[in-house]
Structures are given as structure tokens and as C-alpha cells.
Amino acid sequence: MSSYKPVAIPTYPKLGEKITKDTVYWRSYKNPVQIKEFGAITKIHFSPNQPCNYAVTSSTRIHIYGQYSQEPIKTFSRFKDTAYCGTYRGDGRLLAAGCEDSIVQLFDINGKAALRQFSGHSKAVHFVDFTSDKYRIVSGSDDYSSKLWDIPNGVEITSYKEHTDYVRCGCTGSVNSDLFATEKSIMSMDHGQPVESVLLFPSGGLLVSAGGRYVKVWDILKGGQLLVSLKNHHKTVTCLCLSSSGQRLMSGSLDRHVKVYSTMNYKVVHSFDYADSILSLALAPDDDMIAVGMTNGVLNVKHRKPEQKKPPTAKRHPRYRVFVRGKDYVPKKDDIFISKPVREHLKKYDQLLKGFRISEALDAVLEPEIRCRRPEITVAIMNELKRRGTLKNALAGRNEQQLSTLLSFLLKHLVEPRFAPILVNVADQIIDIYSHVMDQSPVIYKQFIRLQDVIEKEMNYEEELLKALGMMDTLFATMTMKMEPPQGDPIAISNSSSQEENVTTCV
């Protein structure tokens, strides 16, 4: 009697996203820490210096959090109304913020009261930032103006009033202290939507703007030429962020997603999903933390897992080589090879099939661990039972719970192309066996109705596809007839080198 051969489980291409280096890197950020604030979080800004603290602007307060703290280590609450845009200076020693009462305030990180208060705007100040020389502050307001302030003297240097709408965002250059973007008049780029956020690359040559569903990249050195327009969000893009290397651009949106782009080709390399609409986004200077602020007042902070160092290899005892000798020996031509029989361990379903316990074998592959994670094994056993001619016997005699499990599996995988040829036959057998008793159980009856709907939808879908295929065949046949030259007419083939072939199109 020949030995039992285990059931061959077919392999299928794995479905799902492609695993890239970016996928592995961005997934290395651990489970988030959730911190509840008093209101919507409109701004998050990390200190440029260690320790890596970050300022969170929400409602009438600015909270300073430590790298791993879940409670604020410091709070600035000297605001009469809603605070906006809490921003660190380049050395991390000062913090500037705007307010709904039109005043720009400057704070010492180690103090509580404001060092300076700059008055001059007539409406709410939504944007403030420091210039790279650390001695001036740029602000933007709902009064259609942006102003430049002198920190040592506490006075206004100049005011720009070319804007025709609210100034809600801006940024300054990290290289040139005289370069800042609030849609200023020396260079104007039309984003086409209300601008929610702008970002300058460290070199100062590229500007990124976000508004509506679009993220646009502009080349400042070419006079504000549009390089690329990205439309990967479904709702308004509210915030932008750049990695420390400048190779990855991040955007947050009201659609609850954060997209990560490569700055080489501006394609999405990864995406994060959050629980609510996103208003603010920040990445730590060393890229070890991602902080996201949402409209529901929740601050979401993720830390990147440190790279695990491999433990040093233990020094082996000299006797080790005695036990492993001959392991890598390659047989020569005249050697006689004697193979040691290897005992094969059968899976549970193979053991049951070997003992002709077909119903139990089917039950074994309908366990959650197999039917949910490895459905191809379940389908392979059903196919084996069909080949043996015992499928109907294995399906018969089932109670309500067992039949419900079997029908749930069919409802989930019946329309999958890789399983359909086998599961259609299984569905036919189940209908023949249980159709006369299905109304005895409301649960089974509903599942049979759902199974009928699934089959009808799939049949209608295939009919539509066949119609489309017929129309395509007709079109292709018509094109082939037009391309065939009439018989008897000569076909002229000429080699022309006229000047019209060399056409250059410039955009």
C-alpha cells in the first residue's frame, strides 16, 4: 500500500501594498500617545535644540511638552483670547505667538510674563515667525497686512499692505534673513484656492503651498514657476512639514490623512490615518517624533522605535567544530550517498483525511486560524474532497452553527477569482442539501438570501463585462478592416527627410 501524500496547497500572489524602505521606516513609529487639549490644536512647533520640547497652541493657551511627557511642563496662558501660531526662535530660547486681540507676544521659555508685546494690527494675528538672524519677527493678520518687528527695540520696522484677503499663514527663509513668504508683492504665485499653509525649503529655492485639495511646489529661482501640483487628498490640506533631510514632504488634511511625499519625484511613499480632521502637523528635528493636532482637541504623538543592535555572537567552545564537521561536505563523483529517511509530520487535516474522516477534516480547515488567515487551505481541502467524490457527504449532517460558519466563508470568498471555480460547486451542493430546511433557522435563512444576492450581483457584473467585451471586439474588428489596404492598390513607402519632421515643442 502506497504511503499517504499530503494535500498540495496552491500558492497565490500575495495581495496588498508593496513593502518598500519607506513603508518599513514610517511603520517604525510606535503606537501613539493621545493627549487631550482644551480646544482644536492649530499649531505644533518643535524646539530646534535639545531637549526636544514642543509647543502646542490650543484655545487660549500654549503648552510646552517634553519629549516623553504626557503632561505639560510649562504653560503660557497670558492671552485674553484665542492664541495662534506659537513658534520657537532658532536658538529655542524665545517663543512668539499671535492672538485674536491683534497683539503679537514674545515670551522667554524660562519665564511666564511676556517680554515684548507688539501692537499695530487691527485684527487677529494668525501667523508669526522669526527671521533667520533671530532679531526680527514677521506677523500676518486678518487686517490684510503683514508686518516686520524689531525685537531689541520692540518697534515696527515696516508693514506690507498689498494683500487683498486675510493673511493666515507664512514662513521665513532659514538661509536669507530678508526672505519670507506671506504672498509678498515682489513675487506672486496664484495657488487658486485659499492658502492654508506655506513652507520654504532650507535652500530657499523652492516654496510649497497648500490650499483646497492641492499641494503645489513653486520654483522661486525661476520667478515663481509651478513645478508640480499634487492632488492626493479628498478634503482641504491644512498643514505642511518637511523632514530633517529635506527628502520627504508631509501634508495633513481634513480628510484625516497625512501623506508622505518623496521630494525627488513628488509621489506618495506612505500614508497615515487618524481618527479626526487634522489641523496641525510637526516632525521633530531628528525625525524621532511625529506630532499631529486634530479638530477634536486630541494631540497624537508617535515615537520612532530605536534600532535594535544585534547581540554580540557568543564565543564557541573548541568542541563545537567536532559536532558540525561534515555539515557542508559536497559529495564527490565516486561517493555513495546514503540518505537518512526523514519522518514527515502531517497537518491535522491531512491526518484526518488519511483516516477517511472527511467531515472532521472539513471542520479542521474551518477553524478561525485557517479560514481567516489561510483561506487557500480551506479551499484546497474542499477541492480534494470533490476529487475524491466525498464532498457532499462532508457537507451533510451539519448543525446550525457549523452551517452558518460554512455559509459565512462562502459569502466572503465566493466572488474571488482564485476560489470561485471550487466554491461555486460547494455552494451548489449546500443548496441541494439544505434548501428544504433553511427556513427553520432565521440566521441560516438570512445567509441564504445574502448568498443569492451575491450570486445575482456577480452574474449581472459578468453580463456587463461580456457586453463591454463584445463592443470592444466590434471596435477592434472595425479598426482592423480600416487599416487593411484595398487589394490591387500599390503601397508606397517613402523616406522623407523634410524639415517638418524636426519639430520642437516648448512649454
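All heavy atoms count here, side chains included; hydrogens, waters and symmetry mates do not.
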Student: Minimum heavy-atom separation for N300 and M294, please, with both atom names.
Tutor: CB-CE, 3.9 Å
Student: Between S146 and H163, is there a side-chain heavy-atom distance shorter than 4.5 Å?
Tutor: yes
Student: Specify the closest pair of heavy atoms between L95 and F130, including all atoms of both residues, with the distance to one decimal.
Tutor: C-CZ, 4.2 Å
Student: Ring pair (Phe, Tyr, Trp, His ring centres under 6.0 Å) for H270 and Y25? Distances and angles first, verdict last.
Tutor: CA-CA 10 Å; H270 193 69; Y25 176 82; 9.4 Å; no
Student: Is any side-chain heavy atom of R61 closer than 4.5 Å to one of V56?
Tutor: no
Student: Would Y261 and S251 count as a side-chain hydrogen bond (donor to acceptor under 3.5 Å, both in side chains) here? Give the steps.
Tutor: CA-CA 8 Å; Y261 309 87; S251 63; 3.2 Å; yes
Student: Are the side chain of K36 and the backbone of N296 linked by a donor-acceptor contact shorter than 3.5 Å?
Tutor: yes
Student: Describe, in one word, how the ring planes of Y274 and F272 are oriented to each other, choosing from parallel (under 30°), tilted (30 to 60°) and perpendicular (over 60°).
Tutor: tilted
Student: If you take all heavy atoms of L281 and C239, which pair is closest and at what distance?
Tutor: CB-SG, 3.5 Å
Student: Between R213 and H233 (side chain of the first, backbone of the second, donor and acceptor by atom type, cut-off under 3.5 Å), is there such a pair?
Tutor: yes
Student: What is the minimum heavy-atom distance between S139 and W149, and which atoms define it?
Tutor: OG-NE1, 2.8 Å
Student: Checking R371 against T405 for the side-chain contact (heavy atoms from CB on, under 4.5 Å) test, could you report, in this order, the C-alpha distance in whole Å, the side-chain angles of both residues, the deciding distance, and whether it holds?
Tutor: CA-CA 10 Å; R371 76 168 188 267; T405 302; 3.5 Å; yes
Student: Donor-acceptor check, side chain of Q67 to backbone of D288, threshold 3.5 angstrom: yes or no?
Tutor: no
Student: Could you go through K147 and S159, starting from their C-alpha distance and side-chain angles, then the distance that decides it, and tell me whether this counts as side-chain hydrogen bond (donor to acceptor under 3.5 Å, both in side chains)?
Tutor: CA-CA 4 Å; K147 297 180 182 292; S159 179; 3.1 Å; yes
Student: For Q401, look at atom CD and say whether over 12 heavy atoms of other residues, nucleotides or ligands are found less than 6.0 Å away.
Tutor: no
Student: Do the side chains of L283 and S243 get nearer than 4.5 Å, heavy atoms only?
Tutor: yes
Student: Do side-chain atoms of S253 reach the backbone of K235 as a donor and acceptor pair under 3.5 angstrom?
Tutor: yes
Student: Verify, without hydrogens or angle tests, whether H413 (side chain) and P375 (backbone) share a donor-acceptor contact under 3.5 angstrom.
Tutor: no
Student: For F201, does its backbone N or O pair with a side-chain atom of S203 as donor and acceptor, under 3.5 Å?
Tutor: no
Student: Give a yes or no answer on whether the side chain of R93 reaches the backbone of N110 with a donor-acceptor pair at less than 3.5 Å.
Tutor: no
Student: Pick one: which of D219, I220, L226 meets side-chain contact (heavy atoms from CB on, under 4.5 Å) with K222?
Tutor: D219
Student: Got S271 and D273 here, is their nearest side-chain heavy-atom distance under 4.5 Å?
Tutor: no
Student: In terms of side-chain heavy atoms, does S404 have a donor or acceptor partner in Q447 at a distance below 3.5 Å?
Tutor: yes
Student: Is it true that a side-chain atom of T263 and a backbone atom of G246 form a donor plus acceptor pair closer than 3.5 Å?
Tutor: yes
Student: Run Y461 and V415 through side-chain contact (heavy atoms from CB on, under 4.5 Å) and show every step you take.
Tutor: CA-CA 11 Å; Y461 180 62; V415 296; over 6 Å; no
Student: Please walk me through it: do I103 and V125 pass side-chain contact (heavy atoms from CB on, under 4.5 Å)?
Tutor: CA-CA 7 Å; I103 297 176; V125 179; over 6 Å; no
Student: Is the terminal nitrogen or CZ of K74 (NZ for Lys, CZ for Arg) located under 6.0 angstrom from the six-membered ring centre of F76 and within 45° of that ring's axis?
Tutor: yes
Student: Check whether more than 12 heavy atoms from other residues, nucleotides or ligands sit under 6.0 Å from atom CZ of R304, and answer yes or no.
Tutor: yes
Student: Taking all non-hydrogen atoms of both residues into account, name the closest pair between S262 and V269 and its distance.
Tutor: CB-CG1, 4.0 Å
Student: Would you tell me whether T23 and T20 have side-chain atoms, one donor and one acceptor, within less than 3.5 Å of each other?
Tutor: yes
Student: Evaluate the side-chain hydrogen bond (donor to acceptor under 3.5 Å, both in side chains) criterion for residues D287 and S244: first the C-alpha distance (whole Å), next the side-chain angles of each, then the deciding distance (0.1 Å), finally the verdict.
Tutor: CA-CA 7 Å; D287 294 346; S244 59; 2.8 Å; yes
Student: The test is side-chain contact (heavy atoms from CB on, under 4.5 Å); show your working for V298 and I41 and say whether it passes.
Tutor: CA-CA 8 Å; V298 173; I41 300 172; 5.9 Å; no
Student: Please check if the side chain of T57 supplies one atom and the backbone of G86 the other of a donor-acceptor pair under 3.5 Å.
Tutor: yes
Student: Minimum heavy-atom separation for R256 and S277, please, with both atom names.
Tutor: CG-N, 3.7 Å
Student: Between S141 and A124 (side chain of the first, backbone of the second, donor and acceptor by atom type, cut-off under 3.5 Å), is there such a pair?
Tutor: yes
